[in-house]
Amino acid sequence: MKRYNSIKEIDGDLKILKLEAEISKQKANIDLAYIKRSLSFSNVAAELIAFFGQKAIYARIGTQILRKFGL
């Protein structure tokens, strides 16, 4: 436990703690905005289209390779 010798020291630490709390709140707000943006309908739809498009490309490449080997 920290020992304080004056009210000034206590006030200084309280100011620091308040600023740290404000920084944490701002970070949380930024993170929340980022999450909301990434979970928007257009973003989720684009991710799903990209995912299934990639799967289709891999399947097509796989079948072409199997045909080359005669399987």
Side-chain angles (χ1 to χ4, degrees):
M1 180 183 226
K2 185 175 181 178
R3 293 196 178 263
Y4 294 98
N5 294 322
S6 69
I7 297 293
K8 246 182 186 178
E9 288 179 12
I10 295 171
D11 285 342
D13 278 355
L14 283 175
K15 286 179 184 177
I16 290 170
L17 289 172
K18 285 179 184 177
L19 288 172
E20 287 174 346
E22 184 63 31
I23 290 169
S24 294
K25 286 179 189 175
Q26 291 297 326
K27 284 182 180 180
N29 286 338
I30 291 169
D31 290 344
L32 183 62
Y34 178 77
I35 289 169
K36 283 181 180 178
R37 207 175 322 128
S38 64
L39 291 177
S40 68
F41 176 76
S42 59
N43 215 7
V44 171
E47 289 291 328
L48 284 173
I49 290 168
F51 175 75
F52 287 118
Q54 188 179 31
K55 290 285 186 185
I57 290 171
Y58 289 153
R60 189 170 200 183
I61 290 171
T63 54
Q64 287 179 357
I65 289 172
L66 289 175
R67 284 184 191 159
K68 293 248 184 211
F69 290 116
L71 297 174

Who else is in the cluster with L17 when I, L, V, M, F, W and Y are joined by side-chain contacts under 4.5 Å? none
With sequence neighbours left out, which residue pairs that include part of residues 22-31 fulfil the side-chain hydrogen bond (donor to acceptor under 3.5 Å, both in side chains) condition? E22-Q26
Same cluster for F51 and V44 if Ile/Leu/Val/Met/Phe/Trp/Tyr side chains link at under 4.5 Å? yes
Listed once per pair and sorted, the side-chain hydrogen bond (donor to acceptor under 3.5 Å, both in side chains) pairs that draw on residues 5-15, sequence neighbours left out: K2-D13, Y4-D13
Considering only distance and modelled atom types, tabulate donor-acceptor pairs under 3.5 Å from the side chains of residues 57-71, sequence neighbours left out.
residue	atom	partner	partner atom	Å
Y58	OH	Q54	NE2	3.1
T63	OG1	A59	O	3.3
T63	OG1	R60	O	2.8

Residues sharing L39's hydrophobic cluster, by side-chain heavy-atom contacts under 4.5 Å among ILVMFWY, directly or via others? I35
Side-chain heavy atoms under 4.5 Å apart, restricted to Ile/Leu/Val/Met/Phe/Trp/Tyr: what other residues fall into the cluster of L32, or is it alone? none
